[in-house]
Amino acid sequence: MPLSEEELRLLEQMERALSAEDPKFASALRGTALRRAQRRHAVIAGIVLAAGVALLMTGVISRMWIVGVVGFLVMLASTSVLLTALRGAAAVEEDDGNHAPRSSFLDRASERWKQRRRGDNDL
């Protein structure tokens, strides 16, 4: 059963009041903390990547192949972390809350139910 207009209005009012009362919580819901964490992971991974390059070059110059291999493995791991952080940051920026609000869960569920009742089962 979908919410009535009055219930929707009250829900929106409660959401605005909550965000005015606790802006830290509201920013956490918008992904600000996640964006900051992703940026921090990317910076740390970049620094570790530079250290891996230094290790690799040290291994090559000193002709100690084990140091070069360790440097390469450090570079490989930090590049993986860096790419994951950058993809995560891009996904968070894509959904930063500046777009029109999506329909609520109840609206989507109601629409799916109506489609099923009509025999339109390809969701």
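Just so we're clear, the structure is a prediction, and the values are computed from it rather than from any experiment.
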Please name the pair of heavy atoms, one in Ala42 and one in Leu82, separated by the smallest distance, quoted to 0.1 Å. O-CD1, 3.3 Å
According to a 4.5 Å side-chain heavy-atom criterion applied to Ile, Leu, Val, Met, Phe, Trp and Tyr, with indirect links allowed, do Val43 and Leu49 form part of one hydrophobic cluster? no
Between atom NE2 of His41 and atom OG of Ser78, what is the distance when rounded to the nearest 0.5 Å? 14.0 Å
Heavy-atom closest pair, residues Leu55 and Val67: O-CG1, 3.5 Å
Please answer: with hydrophobic residues joined when any side-chain heavy atoms are less than 4.5 Å apart, are Leu73 and Ile44 in the same cluster? yes
Between Val70 and Ile47, is there a shared hydrophobic cluster once you connect ILVMFWY residues whose side-chain heavy atoms come closer than 4.5 Å? no
Got a sec, which residues hit salt bridge (charged side-chain N to carboxylate O under 4.0 Å, His left out) with Glu5, two or more places apart in sequence or on another chain? none
Between CD1 of Ile61 and CG of Leu56, what distance do you get to the nearest 0.5 Å? 9.5 Å
Any chance you could measure Lys114, atom NZ, to Arg117, atom CZ, to the nearest 0.5 Å? 12.0 Å
Indicate if Phe72 and Met57 have the same hydrophobic cluster label, given that clusters are the connected sets of ILVMFWY residues with side-chain heavy-atom separations under 4.5 angstrom. yes
